[in-house]
Amino acid sequence: MSTERAFATAAAALLAGATAAAQEIPPLPPPGIDLPRVVLVSVGGEIATSCETSLERVGCASGGETFAPETWTRDLPDLGLAARIATEDLRAFSRPDGSAAPEHWFELANRLRHLAEESAVDGVVVTHGAAGVADTAFFLNLVLPTRKPVVLVAAQRPWSAVSGDGPLNLYDAVRVAADPAAAGKGVLVVANQEVHAARDARRTNFYRMDGFGSVDLGPIGVADPDVVRFFTEPTRRHTHGSEFELAALPESLPAVEIVAAVPDAPGRLIDAAVAAGAKGLVVDGAAGLSGGQLEALRRARDQGIVVVATSATRGGRVPETAALRDSGIIPGDNLPPGKARTLLRLALTQTSDPAEIRRIFGEY
Amino acid sequence: MPGIRAAALAAFLLPAAAETQELPVVKLFTTGGTIQSLGRDRLKLAEYREGRIDGQTIVEAVPEASRLARIEVEAISAVSSTRMGAEQGVPLARQLAEELARPEVAGAIVTHGTTTLEETAYFLHLTVRTTKPIVVIGSMRPWTAVSRDGPLNFLGAVRTVLTPEAAGKGVLVLLNDTIHSARFVTKRHTYHIETFVSPDVGPLGFADADRVVLYRSPVTRHTADTEFDLDGIEELPQVDVVYGYQEASRAPIDALVKEGARGIVLADGSPAYRNAVLEAQAAGVVVVQGSRKGSGRVVLSDRTAARSEITADNLHPQKARILLRLALTRTTDARELQRIFNEY
């Protein structure tokens with residue numbers, strides 16, 4: 001901590017004393033102080049969006065535009081207190097809501113892998129739309145073979161909003177990516193002064209400041225005003241411990257569809273998904289499946305389609321019950337349906353053996 | 001179908017004599033509390049006498065546990081948790097270390113009253129040098145109550161002790177199927193079943209019906225990695241907590257200094273504390289700034305650093321007290337004490 005204090009003080013003096021240098025990102029590091037080097041990658045998102053007025057808080061009413069990453073370094077030179085920053089603009093990978101488009105997930109992962117392999121890079125921050133940040137983070141958590149901090153950050157409010165959360169979230173994300181204690185803990189999601197593990201991070205609210213949480217569990221650390229502090233670390237497999245090899249994965253992942261259990265549904269959506277070529281199904285709320293849905297699932301299983309159940313309660317694991325075992329449905333642990341789908345798609349690249357997929361859902 | 005189920009259940013329940021010899025040993029240390037209490041009738045949920053049920057009664061009430069492990073029971077005390085302290089905690093820590101050193105012992109369970117359960121659990125977390133699981137349990141409802149939680153908490157603890165991933169995670173606290181780290185857990189309700197929570201971080205895992213899962217591992221220092229040593233310690237230094245509120249008087253601080261306290265943990269403060277703290281520090285009393293808010297760290301500011309105040313991180317005052325007592329057996333240096341509060 002004393003080192004952190006020392007270079008924060010020295011860098012603050014530098015910013016105060018040399019206004020020209022203050023605009024430079026990276027700043028000239030004070031003599032004898034090596035700031036960590038962080039690459040700031042923009043996929044866009046609310047955090048990279050300016051609206052016409054500062055009162056537009058839930059997206060822009062009209063004409064909102066994303067900006068290039070240089071705007072952050074211009075608006076928030078304080079980033080230079082935490083790290084030497086290089087920027088990279090990958091907004092081309094994003095959907096209109098600022099989340100990375102799944103068809104670009106591999107390109108994004110490959111680029112991040114390349115950056116993490118650079119010896120001149122200590123950590124990577126990726127800005128992202130709030131809506132999909134937890135899903136992209138989980139995918140990266142499963143395929144990025146790195147121990148270096150990779151931190152995804154989003155904002156609930158546009159960058160231009162009054163009392164926007166973007167600037168502090170971005171500053172905190174850079175501090176976390178620059179912190180050696182963040183290494184080896186998998187992909188992280190930083191928002192609202194909390195550090196979440198990618199597996200458990202979820203968006204829990206559409207527009208309020210406490211918009212992210214780790215359901216069932218909690219954040220693994222905090223980005224407090226004085227220090228970044230980790231309290232726990234995830235034990236499930238991730239990043240450097242993952243069996244999913246980015247380089248060996250096929251260009252398009254096996255199709256997996258999500259079906260909600262509905263007590264009086266006829267099961268046609270399940271048949272349609274299978275007819276359309278789904279190799280796996282995620283059933284959300286298995287306890288509430290209708291007779292028609294159960295029959296459709298049986299037909300699907302007979303064709304070798306793998307079925308995973310998630311809990312519609314959005315809290316708690318799906319326990320391995322006798323009923324579930326008898327019906328050949330694999331419990332999706334406590335993953336929400338979107339994340340269970342991502343894990344199942346990756347698992348299906350390795351195996352379609354239900355026992356193996358059951359193991360994978362217990363280990364990741 | 002019912003026949004098959006009954007046969008399966010019987011096979012599960014009846015230990016085969018030969019198998020019992022092979023089973024791992026789980027030590028059950030009992031200290032008392034609601035889990036060992038008797039109420040006048042089964043609807044007396046909040047009126048009962050603690051410590052009236054012994055460990056063997058718990059073991060016998062849950063025969064499934066004895067299918068999994070050979071449970072060895074040892075009574076430490078039979079009191080409510082408000083009577084617990086170093087007097088019981090120090091010998092308990094020593095006995096745990098000794099028993100867990102036996103190769104056939106897989107881990108240990110400690111029963112405890114719930115009000116101060118987190119204090120004893122954190123004390124053991126800081127003092128017992130082991131990588132074997134120690135699970136502290138209690139119950140919210142008396143042993144005699146309808147829908148009592150004690151038996152399942154006990155069974156969950158046995159299953160957790162026998163879960164390989166539970167090793168090396170420090171002292172665990174288990175109630176209501178939820179596994180917490182002793183470092184973070186606190187009691188948040190007076191009597192509900194869902195009472196123990198870990199503010200800021202959440203639980204480490206769950207003892208679910210099908211499986212014990214541990215999603216998290218604490219990264220603060222504990223058990224096998226502790227620097228605290230009870231060897232040769234006769235008595236722990238006196239440390240007390242002073243609660244801050246509007247218009248609070250400095251009298252409690254003055255009285256504690258006079259009484260010989262070596263440390264004081266403040267749960268927030270009061271303007272009147274300012275001079276009292278300075279005088280206490282001048283008299284050699286260590287003052288740690290904590291918070292009464294229940295979550296969040298006390299942030300180290302330039303001002304607190306300049307005053308050589310020590311901050312309690314996100315430890316609740318009652319746990320900061322435990323850490324300060326142990327820390328004062330090693331040092332009184334403010335910088336060293338702050339390091340200890342940052343690391344444990």
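Computation of the quantities below employed the complete heavy-atom set of this structure, encompassing side-chain atoms and omitting hydrogens, waters and symmetry-equivalent molecules. The sequence lines fix the lettering, A, B, ..., with proteins before strands; numbering per chain opens at 1.
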| Run the side chain to side chain contact (heavy atoms under 4.5 Å, CB included) check on B:Arg297 and A:Val222 step by step: do they pass? | CA-CA 9 Å; B:Arg297 293 176 54 252; A:Val222 290; 4.0 Å; yes

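- Residue contact with chain A, scored on non-hydrogen atoms closer than 4.5 Å, is absent for B:Asp177.
- Comparing A:Arg317, A:Glu194, A:Arg199, A:Gln193 by how many heavy-atom pairs each has under 4.5 Å with chain B, the most go to A:Arg317.
- For the pair B:Tyr215/A:Ile220, no side-chain contact is recorded, criterion being any heavy-atom separation below 4.5 Å from C-beta on.
- To the nearest 0.5 Å, atoms CZ (A:Phe231) and CZ (B:Arg216) are separated by 13.0 Å.
- Contact annotation: the side chain of B:Val213 approaches that of A:Arg236 to within less than 4.5 Å [non-hydrogen atoms, C-beta and beyond].
- Taken from CG in B:Leu204 to CD in A:Glu233, the straight-line distance is 11.0 Å, to the nearest 0.5 Å.
- Between atom CD of residue A:Glu320 and atom CZ of residue B:Arg211 there is a gap of 9.5 Å, rounded to the nearest 0.5 Å.
- Heavy-atom neighbours of A:Arg203 CZ from other residues, nucleotides or ligands within 6.0 Å: above the threshold of 12.
- Residue B:Arg339: no heavy atom, backbone or side chain, is found under 4.5 Å from chain A.
- Counting heavy atoms of neighbouring residues, nucleotides and ligands inside a 6.0 Å radius, atom CD of B:Glu194 does not exceed 12 of them.
- Here A:Gly362 is the residue among A:Ala181, A:Pro331, A:Ala197, A:Gly362 with the most heavy-atom pairs under 4.5 Å with chain B.
- Note on B:Gly202, B:Pro218, B:Ser217: by heavy-atom pairs under 4.5 Å with chain A, the leading option is B:Ser217.
- Under a 3.5 Å cut-off, the side chain of A:Asp226 and the backbone N or O of B:Val299 do not form any donor-acceptor pair.
- Heavy-atom proximity under 4.5 angstrom to chain B picks out A:Ser214, A:Asp216, A:Leu217, A:Gly218 from residues 210-218 of chain A.
- Taking CZ of A:Arg229 as the start and OG1 of B:Thr220 as the end, the distance is 9.5 Å to the nearest 0.5 Å.
- The contact between A:Asn334 and chain B is made by backbone and side chain atoms together, counting heavy-atom distances below 4.5 Å.
- Taking CG from B:Asp200 and OG1 from A:Thr232, the interatomic distance works out to 11.0 Å, rounded to the nearest 0.5 Å.
- Within 6.0 Å of the CZ atom in A:Arg314, the count of heavy atoms belonging to other residues, nucleotides or ligands exceeds 12.
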